[in-house]
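Have a look at the structure below before the remarks.
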Amino acid sequence: MRPSVVVIAIGQLLLISNTAPGQKDSAPDSAKGRGPAVAWIVPVGIAASAALDPELREWTLHRHTHSLDRLAKTVNPLGTAQRLVPAMAATYLTALLTHHQSLAEGTLNTAAGYIAADVVESVLKPVVGRERPHVEGNSHRFHPFTAQGDWHSFPSAHVAHITAIAQAISMQTNSAPLTALCTTLVALVGWDRVYEDQHLTSDVTATIAISSAVSAATVRWLEHRFERH
């Protein structure tokens, strides 16, 4: 496959981030031996960000500038379904029309990872019911099983979307430079959600962990399934 998959997909992500309006608000497989380390790093990182949520929010709110406001508006579309879904559809159709079978398969795998992560995110939002920080700024307020958008801070849809796509692209290419680019895009979207006071830092870190795992598992299952056939 696989460089062609990422060149087109990442190119589209960068393009739409510079042209699309913002959405309204209310890595390669680990090497052997790294599993135990990652198993500790992820929960520790999430716990640390949760403990520092109030401080990180206050620090971010006091660092707003016109330049960063413009950057946030540019980055925001990288996590919107309105732009990412058409981009994946266009990539798939282009692959079919140009007879690039590997590109078509890779795009379908990426779309499947995206859909799986989106479903998990959509289910968790109302179930968890965490209040968005801009409402009262209290990171410990929860209202489970509610449809009100003000209580849908976790997970972040923007972060789930870009993370799922980045994870699928990264693991299908095994390219260090492209993985670095994907990681940067995820980090930028995560920063944007905290900067715009729509999510807390722990919302972002936990969403990245969940969406990465869901997307990776989906792509891996599809690849193994088609290998057997």
Side-chain donor/acceptor of [X] to backbone N/O of [Y], under 3.5 Å:
X	Y	answer
S212	A209	no
R83	L78	no
T173	S170	yes

[atom1]-[atom2] distance between [X] and [Y], expressed to the nearest 0.5 angstrom:
X	Y	atom1	atom2	answer
S215	I169	OG	CD1	9.5 Å
L185	T163	CG	OG1	10.0 Å
R141	S153	CZ	OG	12.5 Å
R63	Y195	CZ	OH	11.5 Å
L93	T98	CG	OG1	10.5 Å
I115	T218	CD1	OG1	9.5 Å

Between [X] and [Y], what is the shortest heavy-atom contact and its length?
X	Y	answer
P77	T74	CD-O, 3.3 Å
A81	Y114	CB-OH, 3.2 Å
Q198	P133	O-CD, 3.5 Å
N138	H140	OD1-N, 2.9 Å
L96	A104	CD2-CB, 4.2 Å
V204	V194	CG2-CG2, 3.9 Å

So, are R193 and D203 salt-bridged, with charged N and O less than 4.0 Å apart? no
Joint cluster assignment, [X] & [Y], ILVMFWY side-chain distance < 4.5 Å:
X	Y	answer
V128	L200	no
Y92	V85	no
I165	V119	yes
L124	V159	no
I162	V214	no

Is there a side chain to side chain contact (heavy atoms under 4.5 Å, CB included) between L68 and W191? Walk through the geometry before answering. CA-CA 11 Å; L68 290 178; W191 163 82; 3.9 Å; yes
Regarding [X] and [Y], do their side chains bring together a donor and an acceptor under 3.5 Å, going by distance alone?
X	Y	result
S156	H158	no
T107	T91	no
T110	Q172	yes

Validation row, ring centre H199 to ring centre F154 under 6.0 Å: no
Pick out which of H64, H134, R57, R132 makes a side chain to side chain donor-acceptor pair (under 3.5 Å) with D197. R57
Step-by-step side chain to side chain contact (heavy atoms under 4.5 Å, CB included) determination, E196 to N76: CA-CA 10 Å; E196 295 193 38; N76 183 282; 3.5 Å; yes
For a side chain to side chain contact (heavy atoms under 4.5 Å, CB included) check, start with the C-alpha distance between Q148 and H143, then their side-chain angles and the critical distance, and finish with the verdict. CA-CA 9 Å; Q148 296 181 14; H143 189 323; 5.9 Å; no
Assess whether side-chain hydrogen bond (donor to acceptor under 3.5 Å, both in side chains) is satisfied between T207 and E121, documenting all intermediate values. CA-CA 8 Å; T207 300; E121 169 265 316; over 6 Å; no
Residue pair L222, L108: steps toward the side chain to side chain contact (heavy atoms under 4.5 Å, CB included) verdict: CA-CA 10 Å; L222 287 172; L108 284 179; over 6 Å; no
In the hydrophobic cluster built from side-chain contacts under 4.5 Å, what are the other members alongside L56? L52
